[in-house]
Structure formats: structure tokens, C-alpha cells
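Per chain, numbering begins at 1; letters A, B, ... match sequence-line order.
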2 protein chains.
Amino acid sequence: MDAAKTTRINDLLTTVYNDILRVEERELKKSRFKDISIKEVHAIDAITMYEHKTTSQVARQLKITPGTLTTMVNHLVRKGYVVRLRSDDDRRFVRLGLTRRGRLIFRAHESFHRHMIQSFLQDMDDDQVQLIEKALLNLQAFLEYPETRTDK
Amino acid sequence: MDAAKTTRINDLLTTVYNDILRVEERELKKSRFKDISIKEVHAIDAITMYEHKTTSQVARQLKITPGTLTTMVNHLVRKGYVVRLRSDDDRRFVRLGLTRRGRLIFRAHESFHRHMIQSFLQDMDDDQVQLIEKALLNLQAFLEYPETRTDK
DNA sequence: ATCAAATAGTTTCATCATCAAAATAATAGC
DNA sequence: GCTATTATTTTGATGATGAAACTATTTGAT
């Protein structure tokens, strides 16, 4: 593999990587939702508009401990984005839902991502998108199945 | 733009995005460098083996405040990865350097990234790499020059 | 039916990363 | 020689996080 090329792609990937969260955070501060952090937005995103997941389901998805999610949910409830719903069938479970305001954030975040991906894939045909997808799958495999790494 | 495709790429990008730091952190904990966090590795990476940058240069590069870098450098000095060198020409400046141990981390991190990019670009020819680069440049433009966004 | 074990969530306590603003040290410009 | 500027550090606060102890509820075995 050509070293200069690898370096160029690495630098680009690194820059983009670091920018994503920073830009999301900055956009938030400019929006009408100034009382919320990007991590909290991601929690809202995981809670979703579409079903009422339990606390541990959401924690697992976000790959944080249930304790951490509990405190995030406390904040989000206090700020009026999230509601806790007790399950009636099994009262140990807490199900999470979004308020109207929470759903607004959910959709705004969704829209940001949609626009981001549209820029990413700008002017590409199906084959080209397919190639991008393959590259991302390669990367995913590298990250998730380290035992398959041939080098290292 | 095809919505299903956009969603697929978005989900992949999100997964990969979230995995990178987690995997880097996990690899560290398995390595002989257990007393260091991934943020500290990135500071070491920014300090570099090759020159002696000042505290503010490094802080600017990492996009953190000088105060934050000062505390990180305190930790890294205490743990034996970094040295502070006072400039002789202008004694206000603090120049940063790596110890032998710091350089080991620097190279290990560099190597991780190289392998990651090699997986990412696995089996691709020059044209294909070029396409990936273009996609990343699109994304970078989206993130860094929001005023050029046509939609939103 | 009872009680021990398992399960879901919360609380507590500690740590890390971070910033803003005040403080300190050194230099530059008049 | 002061005063303003610059580089760094200190201080005080906050948010995100995990581990482990704790509470509430349910399940399962007897």
C-alpha cells in the first residue's frame, strides 16, 4: 500500500472524525436547543420516537452502563425532553419515551445526519456508493473482529 | 438520493464512528500502556516525535484550551511520557517533547492507524481510493464550510 | 406459599476531560 | 522604566463515565 496515499486518507479521516462531534455541538448551540449536549442528543436518538425501549436496552445500544443512562435520563426528564413510563406487566422495567420537544430534537438530528450523508455521497452513482459501503464494512470488520486482522 | 441507501451508509458510518475510540481504548488496556487514556495518546500524537512544539500550538491543534492541555501534560509528565522544555530565546514558551516511552506510544498509535487505513482501503485500486478521498473531502467541506450547504 | 436467586434500575463515589476566568511570568513597545 | 501583550498555569466549576452497593420486583424451586 502506497504510504503517501495511506497518510492522506488517514489525515482526512482523522480531521473529519474530530469535526463531526464538534460541528454537531456547535449547530446545537446555535439552534433553539441550547440546554442540551450532543451526548444527550444521541441518547434521545437511541430512545427514538417509535417505541418505548427499556433503560437497559437503550444503555446497551449506547454502550454505556445503566447507571450512566439513569443520570442522563434524569437530566433529560428535568429539561423536558424525555419521559419515564413504568411498565405495567413487569414493574421492574422503566420504559423511555420522548416528549414533543424530545421528538423535535430527534427529527432535527436525523435531518442533520441525512444532509451529512448526502454531502458525503454527492454525485455518486450506485456502483460508487457500493464501493463506499464496502470500505466502511472493511473498517467495521477491522474494528469489530480484531482476531481476523492479518497484520498487527 | 435513495433513502434506504442513505440510511444504510449512515448506520455504518455511525457504528464505525462509535467503534473507533472504543477499540483504541480497548487495545490500550490490553497493551503494556495501561496507565494512559486515548485522549492522552492523542495528545502524545499531536506533540510528535519530530519537533518541539509549544503548549499553545499543540492545544490549538487538538482544539482544546491551553488550560486543559496544561493539566494533560502534567499527567503525562508525571507518568513519564512527556517532557517540558523551556525555550531559551523566549522564556514564556514551554516546548513539549516525548520521552523514550512517549515515542513508543507514538509509534504504536501510528501503526494502529496505518493498519486501520489498510483495512479500510483493502483491495482497492488507485481510482477507487481516489473516490474514497473525494467522499471524505465532500464530508469535510460539509462540516467545515456550513455556509456552502445548499440544503438545510 | 415461601424464600433465595435473578433481574432492572438507581444511588453513591470516584475519576477524567473540559472550559472560563483569574493569576503569574516574561517580553515588547513606547 | 512602565504598560500592554503574550504564554502558560491555576482555580473552580461542570458533564460524562464506570464500578459497586443498594432497592424493588419477579421468578423458580421446593
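Using a 4.0 Å heavy-atom criterion, one finds that Thr55(A) contacts the sugar-phosphate atoms exclusively. Residue contacts for Thr54(B): at a heavy-atom cut-off of 4.0 Å it reaches the sugar-phosphate backbone alone, with no base atom in range. In this structure, Arg95(A) reaches neither bases nor backbone, as no heavy-atom distance under 4.0 Å exists between it and the strands shown. Within the 4.0 angstrom heavy-atom criterion, no nucleotide atom of any strand lies near Arg86(A).
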Discussion item. With salt bridge (Lys or Arg N to Asp or Glu O under 4.0 Å) as the criterion, how do Asp89(B) and Arg95(B) come out once you've worked through the C-alpha distance, each side chain's angles and the decisive distance to 0.1 Å?
Written reply: CA-CA 12 Å; Asp89(B) 47 324; Arg95(B) 296 189 171 274; 5.0 Å; no
Item to complete: Evaluate the criterion side-chain contact (heavy atoms from CB on, under 4.5 Å) for residue pair Tyr17(A) and Tyr17(B); output intermediate values, then yes/no.
Response: CA-CA 7 Å; Tyr17(A) 186 89; Tyr17(B) 186 89; 3.6 Å; yes
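In this structure, the CD1 atom of Ile38(B) is 17 Å from the C1' atom of dA16(D), given to the nearest Å. A straight line from NE2 of His42(A) to P of dG15(D) spans 18 Å, rounded to a whole angstrom. Remark: P of dT9(D) and CZ of Arg78(B) are 13 Å apart, rounded to the nearest angstrom. Atom CD of Glu25(A) and atom P of dT18(C) are 12 Å apart (whole Å). Here dT14(D) presents its C1' atom at 15 Å from CG of Asp35(A), a figure rounded to the nearest Å. The NZ atom of Lys63(A) sits 14 Å away from the P atom of dT17(D) (whole-angstrom rounding). What separates CG of Leu85(A) from P of dA8(C) is a distance of 18 Å, to the nearest Å. Rounded to a whole Å, the CG atom of Leu96(B) is 12 Å from the C1' atom of dA7(D).
One can find a donor-acceptor pair under 3.5 Å joining the base of dT6(D) and the side-chain atoms of Arg92(B). With hydrogens and angles ignored, no donor-acceptor pair under 3.5 angstrom links the side chain of Ser37(A) to the base of dG15(D).
The side-chain hydrogen bond (donor to acceptor under 3.5 Å, both in side chains) with His109(B) is formed by just one residue from the set Arg114(B), Glu27(B), Glu24(B); it is Glu24(B).
With dG18(D), dT9(D), dA16(D) as the choices, the nucleotide that has an atom nearest any side-chain atom of His75(A) turns out to be dA16(D). Side chain of Arg91(A), nearest nucleotide from dA26(C), dT25(D), dT9(D): dT25(D). Here the nucleotide nearest the side chain of Met72(A), chosen from dT17(D), dA17(C), dT25(D), is dT17(D). Comparing atom distances between the Thr65(B) side chain and each of dA20(C), dT10(C), dT26(D) picks out dA20(C) as nearest.
Counting only heavy atoms from C-beta outward, the side chains of Glu40(A) and Tyr81(A) never approach each other to under 4.5 Å.
Between Phe93(B) and Asp89(A), the residue anchored closer to the 5' end of DNA chain D is Phe93(B), taking for each the nucleotide with the nearest heavy atom. DNA chain D is contacted by both Thr68(B) and Thr71(A); Thr68(B) maps to the nucleotide lying nearer its 5′ end (nearest heavy atom per residue). Comparing Asn74(A) and Asp90(A), the nucleotide of DNA chain C nearest to each residue sits closer to the 5' end for Asp90(A).
Classification of Asp11(A) and Arg8(A) as a salt-bridged pair fails, no side-chain N sitting under 4.0 Å from a carboxylate O.
Listed pair Lys39(A) / dT17(D) meets the phosphate criterion, a side-chain N or O lying under 4.0 Å from OP1 or OP2.
At most 12 non-hydrogen atoms from other residues, nucleotides or ligands lie less than 6.0 angstrom from CZ of Arg100(A).
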